[in-house]
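Step one of this worksheet: look at the structure below.
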Amino acid sequence: MCALSHDGCGRGYTERRECRRLREPTLDTACVGGFTSATNAMLDLRYVIENLDSVRVSLGRRGAAWAAPLDEISALAQRRREAIMASEKLAKELNDATAAMAKIADKKGAEFTAAREKNRALGDERKQFERAQAEVELDISDLLLSIPNEPAADVPDGADEEHNVVVKTWGAAPKMDFTPKDHHDLGTALGILDFERSGRLSGPRFAVLWGAGAMLERALAQFMLDVHVTEHGYTEVYTPYLVKDSALYGTGNLPKFGDQLFKIAGTDERAYDLYLIPTAEVPVTNLHGDELLTEAELPKKYVAFTPCFRAEAGAAGRDTRGMIRQHQFDKVEVVQLVRPEDSEAAHEALTRNAETILEKLGLHYRRMLLCAGDMGFSSKKTYDLEVWLPGQQRFREISSCSNFGDFQARRAALRYRPSEEGKGKAKPRFVHTLNGSALAVGRTLVAVLEQYQQEDGTVLIPEVLRPYCRGLERITART
RNA sequence: GGAGGCGUGGCCGAGUGGUCGAAGGCAGCAGCUUGCUAAGCUGUCGUACCCGCAAGGGUACCAUAGGUUCGAAUCCUAUCGCCUCCGCCA
């Protein structure tokens, strides 16, 4: 798995999460009734229960372990129903009794007093039932949140990247009559990449860019933004780089992948945790959380340029050289919220939007269809774009474009009301969410350096970038 | 940092302990009108869950969570968010 993939990982019920959090410090006051709030994990549960066998099969395609919680969920769902029946029966009884009391004229009389005593007991009993119900629902919710999305039918089987499928290849490796350098040596020699000083400042997996390097990073980002806004119809959006944990539940990064995130210290006074975003996907996808959109305003197409922060836990020793895998990198991200019936076409189009950037830059790349076992947690279907790196003599991921179906929408409460003519007020539906890196700027910089390097160690700047580089045509050694 | 205010259904906005899932308006939907015409009239119109073949019945939800009470949109507490004023500051 590559660093950039699975940035497609999801946020959810805004308030529920806050509530879950409170659960830990105060075990005895587990939030009652949280499950039936406006957002609906319940649909999810119903779907899982009603399609237990097919869900088991599709989750199994990601790896056998993923399907394991299903039996427990099924059993808990049964317990939940029983708890609800018991608790609602009592609630009805109590409500009737209370309504009757309201009709008693003499609030000081013996009749009223007797009724009050009886109801007091009833009310206590009801609270017990409600607690029991809430307890079961929290358990179910925990399990549901830890289950990944079902792979789409046309996603190939396979446990790891070995089974990803090459969909297409664009361009050709640039002809070089010399041994190409990798970006690390190239950039260091040109004086535009500096890993010594970044190490001193911040440790491994950071970079300092100087002069033309810094300019190129900025130029790439701006070029990408301009293309997506003016040619692909995206709306540029600037978002916070710190988000609440609730946003991370929505996209699916939490609860399972917290070890990939940088959590901000010094927020102890707050009731929630703040994290550095691992991708713009998190703030942007959650932008319309808990809103009810109209069908007319779909699709929503957003592009955001942000830094991304990743802990890269478990990647020790991998890609330690150069700036392939950094704790901090820039990315231009495209996100779409669409009607369910449009998401497949949107996924193809969005992937094309990312490819267009590579093609305009003249960078040799290929498109991979990820197999079930290699996909991110929240994704139904993912294309990775891999760019050719002459210095490594291999393709490396530079973009990951995913269709999440309604997975994130359910967790983040992203809904719209269909405007079906003549059919009255249609029920709200979940949108489908998609996103893709378009592109990871740091890796694009690497690809430009390596693919455009010349025998003399200089680097030509792609034509389309020159207007963004004050007309500079070639990067030569920094003086 | 100090002081105060607010948070109701897609939107606006009533509602300060009982019959309130919640007036009214707008938007939407259905129908009727077509000399009040970029209109009028009538009706309808929240979400989720549970039971039920269905018809239908039930429960919960007035930012969130606790609490008080026989009973909470309404009272108390905490939290979240927004707004105003003062101070400070990029």
Side-chain angles (χ1 to χ4, degrees), chain A residues 12-47 49 77-127 129-131 133-134 136-138 140-141 240 243-247 267-274 288-297 410 413 415-430:
Chain A
Y13 344 74
T14 318
E15 318 316 347
R16 278 221 0 219
R17 243 175 326 303
E18 251 115 54
C19 152
R20 301 165 55 74
R21 217 183 149 268
L22 292 172
R23 187 192 186 194
E24 268 129 57
T26 52
L27 274 172
D28 50 333
T29 57
C31 65
V32 176
F35 220 66
T36 49
S37 69
T39 49
N40 41 110
M42 294 317 298
L43 275 187
D44 203 359
L45 174 62
R46 179 188 287 174
Y47 173 81
I49 295 308
Q78 180 57 33
R79 271 181 53 199
R80 170 175 176 270
R81 281 202 299 155
E82 288 158 6
I84 286 175
M85 281 190 267
S87 128
E88 288 193 352
K89 183 169 171 245
L90 196 66
K92 165 103 175 95
E93 204 177 318
L94 185 66
N95 286 346
D96 288 346
T98 296
M101 283 186 71
K103 293 201 179 87
I104 297 173
D106 181 7
K107 302 283 200 257
K108 299 242 183 320
E111 186 192 1
F112 190 87
T113 309
R116 192 173 61 198
E117 289 312 312
K118 191 183 158 209
N119 273 4
R120 196 200 306 272
L122 223 49
D124 290 345
E125 197 181 345
R126 175 192 185 180
K127 221 156 257 180
F129 275 115
E130 284 182 339
R131 285 227 163 78
Q133 181 187 336
V136 179
E137 294 187 338
L138 268 173
I140 292 175
S141 174
V243 294
K244 295 184 191 175
D245 48 0
S246 56
T267 55
D268 293 351
E269 298 305 306
R270 296 182 178 266
Y272 50 82
D273 296 318
L274 280 174
H288 295 290
D290 288 325
E291 292 178 22
L292 188 56
L293 302 169
T294 63
E295 182 165 1
E297 56 189 320
R410 175 168 282 116
R415 300 180 305 158
Y416 76 101
R417 191 183 297 284
S419 54
E420 300 166 48
E421 293 202 20
K423 294 180 84 174
K425 209 171 197 177
K427 295 281 182 199
R429 299 171 72 193
F430 289 111

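Lettering of chains follows the sequences in order, A, B, ..., and the numbering in each one begins at 1.
Pairing each heavy atom of A/F112 with each of A/M101, the nearest pair is CZ-CE, 3.3 Å. Scanning all heavy atoms of the two residues, the minimum distance from A/P428 to A/P418 falls at CA-CD, 4.3 Å. Across all their heavy atoms, A/D245 and A/Y272 have their closest contact at OD1-CB, 4.0 Å. Scanning all heavy atoms of the two residues, the minimum distance from A/F430 to A/A413 falls at CE2-CA, 4.4 Å.
The CZ atom of A/R429 sits 13 Å away from the P atom of B/A48 (whole-angstrom rounding). In this structure, CG of A/L292 is placed 14 Å from C1' of B/A48, rounded to the nearest angstrom. Between the CD atom of A/E130 and the P atom of B/C50 there is a distance of 16 Å, rounded to whole Å. Atom P of nucleotide B/C50 and atom CZ of A/F129 are separated by 18 Å, given to the nearest angstrom. Atoms CD (A/Q133) and P (B/A48) sit 17 Å apart, rounded to a whole Å. B/U79 atom C1' lies 14 Å from atom CG of A/D273, rounded to whole Å. Put simply, CD on A/E137 is 14 Å from P on B/A60, counting in whole angstrom units.
With sequence neighbours left out, the salt bridge (Lys or Arg N to Asp or Glu O under 4.0 Å) criterion links A/E82 to no other residue. For A/R126, the salt bridge (Lys or Arg N to Asp or Glu O under 4.0 Å) criterion is met by A/E130, not counting sequence neighbours. For A/R120, the salt bridge (Lys or Arg N to Asp or Glu O under 4.0 Å) test picks out A/E117, with sequence neighbours left out.
Listed by first then second residue, pairs satisfying salt bridge (Lys or Arg N to Asp or Glu O under 4.0 Å) with a partner in residues 83-101 of chain A read A/K92-A/D96, not counting sequence neighbours.
For A/M85, counting side-chain heavy atoms from C-beta on, the closest listed nucleotide (B/G10, B/U47, B/C51) is B/C51.
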Can you check side-chain contact (heavy atoms from CB on, under 4.5 Å) on A/I140 and A/L45, steps first, answer last? CA-CA 8 Å; A/I140 292 175; A/L45 174 62; 3.9 Å; yes
Between the protein and nucleotides 68-71 of chain B, which nitrogen or oxygen pairs come in under 3.5 angstrom?
unit_1	atom_1	unit_2	atom_2	d
B/C70	OP1	A/R120	NH1	3.3
B/C70	OP1	A/R120	NH2	3.4
B/C70	OP2	A/R120	NH1	2.6
B/C70	O4'	A/R116	O	3.4
B/C70	O2'	A/N119	ND2	3.2

Are any protein N/O atoms closer than 3.5 Å to N/O atoms in nucleotides 55-59 of chain B? If there are, list each pair with its distance.
unit_1	atom_1	unit_2	atom_2	d
B/G58	N2	A/E88	OE1	3.2
B/G58	N2	A/E88	OE2	3.1
B/U59	OP1	A/N95	ND2	3.4

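In terms of phosphate contacts, A/K103 brings no side-chain nitrogen or oxygen within less than 4.0 Å of OP1 or OP2 of B/G18. The side chain of A/Y272 contributes an N or O atom lying less than 4.0 Å from OP1 or OP2 of B/G81. Under 4.0 angstrom from either OP1 or OP2 of B/C29 there lies no side-chain N or O belonging to A/R417.
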